[in-house]
Amino acid sequence: MKFYSTKTESLKASLEEAIFNSLPPDNGLYMPESFPKISDEFLADIQNKSFKEIAVEVADTLFEGEITRTELEDLIENAYDFDAPVVEIGTNNYVLELFHGPSMAFKDFGARFMAAVMSHFLIKSEKKINILVATSGDTGGAVAQGFYKVPGIDVTILYPSGKVSEIQEKQLTTLGHNVTAIEIDGTFDDCQQLVKDAFLDSELSSKFNLASANSINIARLIPQSFYFFSAYAQLKKLGKPIVFSVPSGNFGNLSAGLLACKMGLPLQHFVAATNLNNAVPRYLASGTYEPAPSIETISNAMDVGSPSNFVRLKRFFGDDWKSATEKIFGTFFDDEQTREAMRQVYENSDYVMCPHTAVAYLGLKEYSEKIGGDFTGVFLSTAHPAKFIDLVEETLGEKIEIPARLESLLHIEKVSIKMKADFSAFKELLLSRLH
Ligand SMILES: *Cc1c(COP(=O)(O)O)cnc(C)c1O
């Protein structure tokens, strides 16, 4: 399998190149050159397969031998010691829980696989790399956990001081070893700018092997398609068409669902559900794309004004707006609607949702009301509610349980390097620490 750049179709890369470059040199995004189909035999029996068996089959179909099947089996066995269960909430309404990984957000599916694949290639080449990543919360935790103690890889995470939740901060700052947390006196945008400047700096990029772990990397996108297959496997016995509602920010998750479809997974429709950062729902409604500065909301992992995977999303439909509207129903909700949904589902079904999950729930509800039909609806739960404990408890007016894994973090001392949002100081630090 080769990958091409969305800006220059003739610019091709192998899987290994696409993963380590992260972006093609022309600043496009890598896309698979073709979409090999999952075999009919496998689909016919998919309800009897485990998550890991499904992951191996999907990756093997897509990679076409660049990593052998035996190697993939090993790598997936190590990457996933957690599952993606589908849970029924009310009648004919299901939630796909993606928060059972080490950082308790769905980004674990991408980060764990990416770390395993990078490490696979590094062991072969005996190279060493330095991952730089800026986070507004969940990405940092997943990347820290995913790359923790992976040989040959050092990770530097930048986060905005005081702007991530306590649990999110502890996930970044308590691991140590090959994970360094830098606490920036500034915003998420400042963090992202420092990382971008580091990649553009010729001295840094000539001295060190720098790599990115953000969601535009194809190695984070591909594994996110595994759980769409796995959810289908769990619901196939109901014998109805399936609609997935995806709470979206950068649109990596929805792009992965579209990849699964292209590979032959029979799905009826997607709902693209956002908060007030709604450039994509507005595009689906009007055909005009107008990215905007991001707006702060309570579903803050989706506060993205200009989604980085939009180009990919369009490319799945040959850049044709009309075709996109035939597969994706777009909608968006404000904070008050989100809180109300959290309260209602808690009261009616005794189920606690994080705000992002609530946006997906609302999206599915609106789809049922406006489009209707006989289908099985699944909304994606992208984070454990306890990651946003203050907000969830304030909204529900009740204490909620914290899983032991998160609770124990609160008692560990954080270790971070504090810095102003200043590139020369950041560069100095990298020069003294990286190797
Ligand atoms: C990152 C994130 C999202 C948004 O996912 P995208 O792939 O960027 O659309 C939604 N919910 C949570 C909890 C997240 O961490």
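Nothing fancy with the numbering, it's 1 onward along the sequence. Just follow the structure's listing: the first ligand is 1, and inside any ligand the first atom is 1.
Heavy-atom distances between Pro247 and ligand 1 reach below 4.0 Å in at least one pair.
Here Lys107 has side-chain heavy atoms under 4.0 Å from ligand 1, and that is the only part of it that gets that close. Only the side chain of Asp138 comes within 4.0 Å of ligand 1, judged by heavy-atom distances.
The six-membered or imidazole ring of His177 lies near that of Tyr148, with a centre-to-centre distance under 6.0 Å. The six-membered or imidazole ring of Phe82 lies near that of Phe109, with a centre-to-centre distance under 6.0 Å.
Under the 4.5 Å side-chain criterion, counting only non-hydrogen atoms from C-beta, Pro281 is not in contact with Phe333. Looking at Phe63 and Ile222, their side chains come closer than 4.5 Å, going by heavy atoms from C-beta outward.
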Side-chain donor-acceptor distances from residues 98-105 under 3.5 Å, at least two apart:
residue : atom : partner : partner atom : Å
His100  : NE2  : Glu97   : OE1          : 2.8
Ser103  : OG   : Asp108  : OD1          : 2.8
Ser103  : OG   : Asp108  : OD2          : 3.2

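In this structure, atom 8 (O) of ligand 1 lies nearest to the protein heavy atom Asn250 N, 2.8 Å. Among protein heavy atoms, atom 7 (O) of ligand 1 sits closest to Asn253 N, 2.9 Å. Regarding atom 5 (O) of ligand 1, its nearest protein heavy-atom neighbour is Phe106 CZ, 3.4 Å. Nearest protein neighbour of atom 12 (C) of ligand 1, counting heavy atoms only, is Thr382 OG1, 3.4 Å.
Distances between N or O atoms of Ser248 and those of ligand 1 include no value under 3.5 Å. For Gly252, a nitrogen or oxygen atom sits less than 3.5 Å from a nitrogen or oxygen atom of ligand 1, counting backbone and side chain alike. On a distance-only criterion, His356 and ligand 1 share no N/O pair closer than 3.5 Å. Ligand 1 has a nitrogen or oxygen under 3.5 angstrom from a nitrogen or oxygen of Phe251. Residue Gly249 places at least one N or O, backbone or side chain, under 3.5 Å from an N or O of ligand 1.
Contact atoms of ligand 1 toward Ala383: 13 (C) (distance under 4.0 Å to a heavy atom of the residue). Less than 4.0 angstrom separates some heavy atom of Met302 from each of these atoms of ligand 1: 10 (C).
With Lys170 contributing its side chain and Leu410 its backbone, the two residues share a donor-acceptor pair below 3.5 Å. With Glu394 contributing its side chain and Leu391 its backbone, the two residues share no donor-acceptor pair below 3.5 Å.
Screening Lys387, Lys414, Glu166, Gln145 for a side chain to side chain donor-acceptor pair (under 3.5 Å) with Gln171, the sole residue that qualifies is Lys387.
Listed by chain and residue number, Glu369 satisfy the salt bridge (charged side-chain N to carboxylate O under 4.0 Å, His left out) test with Lys365 (two or more places apart in sequence, or in another chain).
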